[in-house]
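A short write-up of the structure that comes next.
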Amino acid sequence: MIQLVCQKPERDAHLAAFQDGVQMAFEALAVGNPIPWKSRRRDQVLTDKQRSKTNVQDLFASLHEANVEGALLIGDQKQMEDVLVAVDSKYRSIPEVDREACKRVIEKVLSYEMFQSGHCWVVEEGAIDKRETTWRGCQYILKLGVKVCPYCNAVILPRDLTICFDHYLPKDQFPYLRLCLYNLVPVCKDCNWPRKNFPVGDFTCYAYPYRDSVHDETRFSLEQFPVGQVPADGDVPLLLDKRTPADSDRCKHWLEKMKIPELYSSSYGDHIRWISENSDCFRKEYRNVLARQLGRHGMEAEYRRYFKCSLDRQKINVEPLSKLTIDLVEFFNPGMVRE
């Protein structure tokens, strides 16, 4: 429920070494050779006959070319979309039995498990070897600075190896994007599972945290309840509205598919009622008195103390329930939220 800014990480030793191994593997496959593993491990997934097929070599040549600038690892949104255009049609055109074999090879080369656990491929003496490093997948989250799940904005993300990454484009259907950082979205476990059952289709129909600012395009409100008359118990129905008629439906469609309003209504009804009740203390008359006494800055400080939440939209990804709280505070008292 936030907009993530995908900070392009430095080409540190881990990613640089991994990049070399990936590149060498796809280069070998592009000419029909087995991957030159340094250890006793051999690539027996693709048969000699399969590796010699033109369409298979063409696929791996495309992957090799796409990864020249690291697009399969640290590509940005445009690079990821360019890979889809260049590679996906070739991948889908290969007969199913050959495509499954290619997929298993890609899964070995672009190992998500290695990314998470802190291993990488290195090239030594013309061969590819596996090496353990001090880098872990969870360190990528630290670089992003995301502290709460961007889909529900309710669960604090762990800062260790238990972190989940949601492959926005599923790694089972798009194996060559298994490690593209722009395809990895840090999420909580509760949000990761529903996403696995989403049909892919045109992914532009769904909000994409690296591109879409859900908190700018949508808002929660309780417009069907006068202030002070929110139900005392049971579920609290929230309205999810677009901010302007011209806004895209993508974010609203996404939140409805993830059933975020239902989650908030059922799990955080007390929080919603508490905001509504305390907002009565900050109606126009009282707010004007407080503003004259303390000034704008002091008034906001008092508000933050009251609601235990930042009123700064830029901090929505670091405080649980800040999206909900900010929307309702803004609804009850317009103009109180810093953009």
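Start at 1 with the first residue, then count along the sequence. Remember, predicted model here, so these are calculated numbers, not experimental data.
In this model, a donor atom of one side chain and an acceptor atom of the other lie less than 3.5 Å apart for E81 and Q77. Side chains of S111 and H119: a donor-acceptor N/O pair is absent below 3.5 angstrom, by distance only. In summary, the side chains of Y151 and D190 do not present any donor paired with an acceptor at a separation below 3.5 Å, with no hydrogens or angles considered. With hydrogens and angles left out, the side-chain atoms of S221 and D327 include no donor and acceptor closer than 3.5 Å. Looking at Y210 and N183, their side chains never bring a donor and an acceptor atom within 3.5 Å of each other. For K90 and S62, the side-chain atoms include at least one donor-acceptor pair closer than 3.5 Å.
Criterion: ILVMFWY side-chain heavy atoms under 4.5 Å apart, direct or through other members. Under it, L240 and I275 are part of a common hydrophobic cluster. Both Y264 and W274 are assigned to one and the same hydrophobic cluster, defined by single-linkage of ILVMFWY side chains at heavy-atom distances under 4.5 Å.
A cation-pi contact, defined as under 6.0 Å to the ring centre and within 45° of the axis, is absent between R178 and Y168.
A distance of 4.0 Å separates SG in C191 from CE in M258, rounded to the nearest 0.5 Å.
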Report task. Could you check F220 against F331 for ring pair (Phe, Tyr, Trp, His ring centres under 6.0 Å), going step by step and ending with a plain yes or no? Result -> CA-CA 8 Å; F220 290 114; F331 167 67; over 10 Å; no

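With a 6.0 Å radius and a threshold of 12 heavy atoms from other residues, nucleotides or ligands, E96 has its CD atom at or below the threshold.
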